[in-house]
> 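Quick one: structure below, then a few questions.
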Amino acid sequence: MPEDIVITDPKGMIEETSRIVDDLECSINTKLHLPRVDFDEILICGMGGSAIGGDIVANCLFTLSDTPIRVIRFPELPVWANEKTLVIVSSYSGNTLETLSVYDQAVEHGCKIICITSGGELKKKADSNSNSVVPVKSGIQPRNAVGYTVGYMLNIIKSVGGPDITADVNKCIPSLKKYISSLKPVDSEARKIAAIIREGVPVIYSTESFSSIAGRWRAQFNENSKMLAFDGHIPDTNHSDIVGLVEHNGVSLKPILLVEYRQSKLMKDIIGATSSTLKSHGLKPYVVRVSGKTVFERIFRAMILGDFISLHLAFFRELDPSDVSSISVFKTTLFNKLFGRKKKQSKS
């Protein structure tokens, strides 16, 4: 390890991140004793790291699912949700207030509910209402539980009568494990990309199949690297965001184009035009091309790459990637506000 590299990893984030594929393999192959369900749509409800699995699942099943899959990241259930709606409630801690609110509304709407959690209030509520609970291993960072959440969500959807991509996932497990091993060393692709973007504001733009991963990169750069980052999608960004990018007013932007290794001629032309336009205004877009035999493998490889880039960014900055104290402050503040309001209401 070079002398100028300081690794600040007291909670073992490298090892947690390295186990994501093992967690995926375990969760997608676990036998779930769930009855088949008649549903017209699927809502995956969660916040932060507990919701990203839903984005990935929705991306992977986009061309396979006969029913729409939507991810809900706010504390209100759509008014159209009813007894034909399958609601997968994902909260790693089981105590996220916004997600608990959605759970209560799903009960009121008569939805079919399955919960993914390590415990907490969500498990208590689900048990009291006889809703199915898929338990997740406790003691890890919620954002590093994504292997479990993706695997369990795919497993749940298969078990209740939805599309099944278990075979595709299992085929790519060895390749994904090998890829993870390649991203940890100091001469890895992940560290090289981190070195390029470390002094600026990352702006991640992806093609449509990687839309969930662009959001994951942004979130990981914020949480692990403590860096402000933004994301968007090609080609839509070329009709809006590109104006702000080229008129960046001195801000050191680091555009990243996250794309499939193989693309249609149209997408190649769009990406090439995007890159050329940014270069003509003094920006240096970094194009990340991700390969893989299936949609799932490409999506998961792209996610893993971003996770390790975010860790290397934190190490460059000599920061602890596990620290999310500001989120803890927010949760405490929100709890106190809600608890205080309920206390006042009970007295009136």
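On a predicted model such as this, the values are computed, not experimentally measured, just so you know.
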> Does the side chain of W217 come within less than 4.5 Å of I309's, by heavy atoms?
yes
> Determine whether more than 12 heavy atoms belonging to other residues, nucleotides or ligands lie under 6.0 Å from atom NZ of K158.
yes
> Taking A273's backbone N and O only, do any of them form a donor-acceptor pair with S276's side chain (distance below 3.5 Å, no angle check)?
no
> For S175 and C172, indicate whether the former's side chain and the latter's backbone hold a donor-acceptor pair under 3.5 Å.
no
> List for me each residue that meets side chain to side chain donor-acceptor pair (under 3.5 Å) alongside T207, sequence neighbours excluded, and say none if there are none.
E260
> Please report the shortest heavy-atom distance between L311 and I14, naming the atom on each side.
CD1-CA, 4.1 Å
> I want to check something: taking the side chain as every heavy atom from C-beta on, are V134 and N155 in contact at a cut-off of under 4.5 Å?
no
> If you take all heavy atoms of M303 and I56, which pair is closest and at what distance?
SD-CD1, 3.5 Å
> Could you pull out every donor-acceptor pair under 3.5 Å between side chains of residues 197-206 and any protein atom, sequence neighbours left out?
unit_1: Y205; atom_1: OH; unit_2: D241; atom_2: OD2; d: 2.9
unit_1: S206; atom_1: OG; unit_2: F210; atom_2: O; d: 3.2

> So, using side chain to side chain donor-acceptor pair (under 3.5 Å) as the criterion, who are the partners of S91 when residues are at least two apart?
T96
> Has N129 got a side-chain atom pairing as donor or acceptor with K125's backbone, closer than 3.5 angstrom?
yes
> To the nearest 0.5 Å, what is the distance between CZ on R298 and CZ on R262?
9.5 Å
> Decide whether a cation-pi geometry holds between R301 and Y179; the criteria are a distance under 6.0 Å from NZ or CZ to the six-membered ring centre and an angle within 45° of the ring axis.
yes
> Please confirm whether the backbone N or O of D323 pairs with a side-chain atom of K226, one donor and one acceptor, at under 3.5 Å?
yes
> Please collect all ring-ring contact (aromatic ring centres under 6.0 Å, His included) contacts where either partner lies in residues 75-115, sequence neighbours excluded, each pair once.
none
> Please round to the nearest 0.5 Å and tell me the distance separating atom NZ of K171 and atom CD1 of I173.
13.0 Å
> Would you check if I52 and R143 make a side-chain contact, meaning some heavy-atom pair closer than 4.5 Å?
no
> Do NZ/NE/NH1/NH2 and the carboxylate oxygens of D187 and R191 come within less than 4.0 Å?
no
> When you measure from the side chain of S101 to the backbone N and O of L97, does any donor-acceptor pair fall under 3.5 Å?
no
> Quick one about E121 and N95 (side-chain donor to acceptor, distance below 3.5 Å, no hydrogens or angles considered), yes or no?
no
> Excluding sequence neighbours, so at least two apart, what forms ring-ring contact (aromatic ring centres under 6.0 Å, His included) with F300?
F296
> Please answer whether the main-chain N or O of S310 pairs with a side-chain N or O of S225 as donor and acceptor at a distance below 3.5 Å.
yes
> Indicate whether the side chain of T67 and that of D40 have a donor and an acceptor atom separated by less than 3.5 Å.
no
> Taking only residues two or more places apart in sequence or in another chain, which ones pass salt bridge (charged side-chain N to carboxylate O under 4.0 Å, His left out) with E25?
K177
> Do the charged groups of K11 and D320 touch, with an N to O distance under 4.0 Å?
no
